[in-house]
Amino acid sequence: MPEGHVTHRLADTISADFAGQIVTSSSPQGRFANEAARITGRVLTEGEAYGKHLFVGFDGIDERVHVHLGLAGRLTFGAGAPPAPVGAIRWRMSGEASYADLRGPAACDLLRPDEVTALLARLGPDPLRDDADPDLGWQRVHASSMSIAALLMDQRVAAGVGNIFRAEVLYRHRLDPMMAGRLLRRAEWDAIWDDLVDLMHAALAIGRIDTVRPEHMPEAMGRPPRVDRHGGEVYVYRRTGQRCHVCGSVVRTAELAGRNLFWCPGCQRRSRRRVLR
DNA sequence: TGTCCATGATCAA
DNA sequence: TGATCCTGGACAT
């Protein structure tokens, strides 16, 4: 259940809980058994995240563990010695005082440095990383006739952005999701990028995605709190059929490239700008 | 107990 | 565009 802030948070937790410690590594489910065995007895150096990809390094071995949670994956932590495995645990790692369990990842591999390099070459700038260059994202957006909604899900445009940040950032900038990328102005992209940097850092710090501005928060508008199951206050994500907090229009949804897209037809108008169908 | 669904991405056609 | 993979939670039966 991850967008980029989750992966970065996990990387930070791994570093905080295990860095400098000799770890024990296993694969109760079995599919990562050979690789996991090579980790046991090594000192963990650090966890690091690029977009939705998580890397874990160890002393004395060039390869790094690479994890991508996909839709279903989750990485959880516990204190003390690990209990008997419950469910399908692909990778279990334990340190001096805690353990981590990985379930259902889309990817869990041991990658050589050249493989890591190749993987990172497929990623665009990550709003959560200081080394990100938003111009690389702009180049793709500016050159594309695809919708801005589709482009924001492209990890080469902005690594770590997922369905929630996509929907919410488009809402916050009042953009029609189906507007072609090439019709976006540079200033609009820069504003989107800056907003992603802010929103994703806030989500990283808080551990949930909040995108609603103070003046639109339920308390400020005299309404009861409305926190989505994902854990945050949002404008349109998964609010199909409910009224927009700002203009009162009914929030809509449509499937786009196999994912649910949410938007407010009142605030995100098909404006004077030409848009895709 | 079963089905559908999810903050994702890849692959074949 | 559709099928597929991964796991577990929500919901229906």
Side-chain angles (χ1 to χ4, degrees), chain A residues 1-11 27-33 35-36 49-54 65-76 78 85-92 100-109 111 115 118-124 126-128 140 146-147 149-172 177 196 199-212 227-241 253-263 276-277:
Chain A
M1 22 196 294
E3 298 198 24
H5 67 296
V6 172
T7 315
H8 281 261
R9 208 176 165 82
L10 293 172
S27 178
Q29 175 219 40
R31 290 179 54 180
F32 192 57
E35 298 90 337
Y50 289 84
K52 299 168 188 170
H53 297 261
L54 170 66
V65 174
H66 163 244
V67 171
H68 191 297
L69 293 178
L71 255 186
R74 56 190 57 189
L75 180 58
T76 57
V86 175
I89 301 175
R90 182 80 61 87
W91 184 35
R92 165 171 276 184
D101 282 342
L102 173 66
R103 303 162 198 272
C108 178
D109 327 279
L111 297 186
E115 294 174 312
L119 192 159
L120 295 182
R122 304 203 310 264
L123 296 181
D126 177 350
L128 287 174
R140 294 198 77 85
M146 292 204 314
S147 65
L151 286 163
L152 280 174
M153 294 293 277
D154 183 343
Q155 298 301 292
R156 295 170 297 185
V157 168
V161 170
N163 207 12
I164 303 178
F165 286 121
R166 181 258 298 259
E168 294 297 309
V169 81
L170 286 174
Y171 176 89
R172 285 167 59 95
L196 285 172
L199 290 174
M200 293 175 73
H201 274 95
L204 171 60
I206 298 169
R208 69 182 215 187
I209 299 176
D210 286 319
T211 61
V212 177
V227 173
D228 183 83
R229 279 202 306 279
H230 85 277
E233 292 282 1
V234 291
Y235 283 107
V236 292
Y237 174 71
R238 225 150 59 180
R239 293 196 63 245
T240 312
T253 187
E255 197 173 302
L256 178 68
R259 306 300 300 280
N260 290 320
L261 170 66
F262 305 89
W263 78 100
L276 297 175
R277 282 195 283 175

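Order of the sequence lines fixes the chain letters, A, B, ..., with proteins taken first and strands second; residue numbering starts at 1 for each chain.
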When you check the phosphate oxygens OP1 and OP2 of [N], does a side-chain N or O of [X] lie under 4.0 Å from one of them?
X: A:R238; N: B:dA6; value: no
X: A:R259; N: B:dG8; value: yes
X: A:K52; N: B:dA9; value: yes
X: A:N260; N: B:dA6; value: yes
X: A:Q155; N: B:dG8; value: no
X: A:R103; N: C:dC6; value: no
X: A:H68; N: B:dG8; value: no
X: A:Q29; N: C:dC6; value: no

Donor-acceptor under 3.5 Å (A:E168 side chain, A:Y237 main chain):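 Yes, because the side chain of A:E168 sits within donor-acceptor range (under 3.5 Å) of the backbone of A:Y237.
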A:D210 side chain to A:E233 backbone, donor-acceptor under 3.5 Å: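 Between the backbone of A:E233 and the side chain of A:D210 there is a qualifying donor-acceptor contact (under 3.5 Å).
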Value rounded to 0.5 Å, distance of NE2 in A:H5 from CG in A:L196: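 So the gap between those two atoms works out to 12.5 Å.
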CZ-CZ distance between A:F262 and A:R166, expressed to the nearest 0.5 angstrom: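 Rounded to the nearest 0.5 Å, the CZ-CZ separation comes out at 9.0 Å.
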Measuring only the [atom1] atom in each nucleotide, how far is [N] from [M]? A whole number of Å is fine.
N: C:dG2; M: B:dC5; atom1: P; value: 15 Å
N: B:dC4; M: C:dA3; atom1: P; value: 14 Å
N: B:dT10; M: C:dG8; atom1: P; value: 23 Å

Nearest heavy atoms of A:G70 and A:A106, plus distance in Å: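 The pair with the smallest heavy-atom distance is CA-CB, 3.7 Å.
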Over all atoms of both residues, closest heavy-atom pair of A:W263 and A:T253: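 Here A:W263 and A:T253 meet closest at CZ3-C, 3.7 Å.
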Quick one: [X] [atom1] to [N] [atom2], roughly how many Å, whole number?
X: A:L69; N: B:dG8; atom1: CG; atom2: P; value: 11 Å
X: A:L261; N: B:dG8; atom1: CG; atom2: P; value: 13 Å
X: A:H53; N: B:dT7; atom1: NE2; atom2: C1'; value: 14 Å
X: A:L71; N: B:dA6; atom1: CG; atom2: P; value: 9 Å
X: A:I89; N: C:dT7; atom1: CD1; atom2: C1'; value: 12 Å
X: A:L54; N: B:dG8; atom1: CG; atom2: C1'; value: 15 Å
X: A:W91; N: C:dT7; atom1: CH2; atom2: P; value: 16 Å
X: A:D101; N: C:dG8; atom1: CG; atom2: C1'; value: 14 Å

Minimum-distance nucleotide to A:R74 side chain [options: B:dG8, B:dA6, C:dG8]: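 Of the candidates, C:dG8 comes closest.
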Options C:dT7, B:dA6, B:dG8, nucleotide nearest the side-chain atoms of A:R90: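 Closest nucleotide to the A:R90 side chain: C:dT7.
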Touch class at under 4.0 angstrom, heavy-atom based, for A:G104 against every strand present: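 A:G104: base contact, heavy atoms under 4.0 Å.
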Touch class at under 4.0 angstrom, heavy-atom based, for A:R122 against every strand present: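 Sugar-phosphate: the residue A:R122, judged by heavy atoms under 4.0 Å, touches backbone atoms but no base.
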